[in-house]
Asker: 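Next up is a structure, given as structure tokens.
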Amino acid sequence: EIWTEVLEIERVGVHDNFFVLGGHSLLATQVVSRLRRVFQVEMPLRTLFESPTIAALAAWIEKRLVTGRAAGEGHNIPRVADRTSMPLSYAQERLWFLDQFHPGNDFYNVPLALEMKGALNIPALEYSLREIFRCHEVLRTVFHFVKNVPVQSVRHDLEFSLKVDTVDGASPEQQARDLETALDHEARRPFVLSEGPLLRARLFVKGEQDYVLMLNLHHIATDEWSLGLLWRELTALYDSFCEGRQVWLPELSIQYADYAVWQKSHLQGELLEEELKFWKGQLADLPGVLELPLDKARPAMQSFSGRVESC
């Protein structure tokens, strides 16, 4: 049942390979999360990679339940009271390091542009985005040093606003070019991780019932799975506001920073060594750099510059 829901297919054989059926790492994370909740077992993500069929996965879960190694209280993630100097998760540390290595870069911007036609309720749209910004602390999180160690803090003084701009043009062609330039500029505008916020929104008005909504987030605060959640919440809030119902998102029992604290306290010692040993073995024979045939020599420092060529 979990596999059919996550993979969005009707039938799954017990010996079918999850990744052959279209699964990938993000969907694997969803499967593992649901299995933990349903069977109350502490399941590492790598288990699904090692046992990518229902038959193999069921055997692993049964063995775990028999040996009594279920998810107990030690694996519950508590909420941290002091939200001013919390550690970064390992994923955040990677992105923070790359930002320090290339200050002012736009490599990990996650821009989204949505074209909308029809009667748009702009106050409802801004309210919906404000509510998402209020609910999810990671969008109001900043990163800085404390005693030479990177930490994250939640800022409660950051305010969110929806910028509205009219795109004029002497002709439809000129208007399209101006809009493309504005969208490109907004997509490439870097985030300052030490100041925040990590969500920006801009509405471009092309005509009386013609709009483009531009959202931009930093990857340290979002991923592909989270973007799906963002759109669902935005749609639900907007519809409710337009129907005259002012609703609020429920308070979350934990936020991402709570997970980061839990991860750093949980993943250490023997467990950390076990994980490191596994991945060092998996990656032992890989080349340090992926060498592809190039017309020009690889630069000493990666620029991330490139183009899209359509054929």
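Each residue takes its place number in the sequence, starting with 1.
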Asker: Under a 3.5 Å distance rule, please check whether Asp258 uses its side chain to pair with a backbone N or O of Val80 as donor and acceptor.
Answerer: yes
Asker: Between Tyr256 and Ser89, do the side chains contain a donor N or O and an acceptor N or O under 3.5 Å apart?
Answerer: yes
Asker: Please tabulate, one pair per line, all N/O donor-acceptor pairs under 3.5 Å involving side-chain atoms of residues 141-151, not counting sequence neighbours.
Answerer:
{"unit_1": "Thr141", "atom_1": "OG1", "unit_2": "Glu137", "atom_2": "O", "d": "2.8"}
{"unit_1": "His144", "atom_1": "NE2", "unit_2": "Ser153", "atom_2": "OG", "d": "2.8"}

Asker: Salt-bridged, Lys163 to Glu126, with N to O below 4.0 Å?
Answerer: no
Asker: What do the steps show when you test Phe191 against Ile220 for side chain to side chain contact (heavy atoms under 4.5 Å, CB included), and what is the final call?
Answerer: CA-CA 10 Å; Phe191 287 88; Ile220 204 169; over 6 Å; no
Asker: With a 4.0 Å cut-off, would you call Glu1 and Arg34 a salt bridge?
Answerer: no
Asker: List the atom pairs, donor and acceptor, that lie under 3.5 Å between side-chain atoms in residues 52-61 and the rest of the protein, sequence neighbours left out.
Answerer:
{"unit_1": "Thr53", "atom_1": "OG1", "unit_2": "Ala56", "atom_2": "N", "d": "3.1"}

Asker: Does NZ or CZ of Arg94 lie under 6.0 Å from the centre of the six-membered ring of Tyr108, at an angle within 45° of the ring axis?
Answerer: no
Asker: Using a strict threshold of under 4.0 Å (side-chain N to carboxylate O), is an ion pair present between Glu180 and Arg177?
Answerer: no
Asker: Is a donor on one side and an acceptor on the other found under 3.5 Å between the side chain of Asp106 and the backbone of Ala187?
Answerer: no
Asker: Hey, are Glu186 and Arg189 close enough for a salt bridge, meaning a charged N less than 4.0 Å from a carboxylate O?
Answerer: yes
Asker: Could you list all the salt bridge (Lys or Arg N to Asp or Glu O under 4.0 Å) pairs where at least one residue sits in residues 216-234, not counting sequence neighbours?
Answerer: none
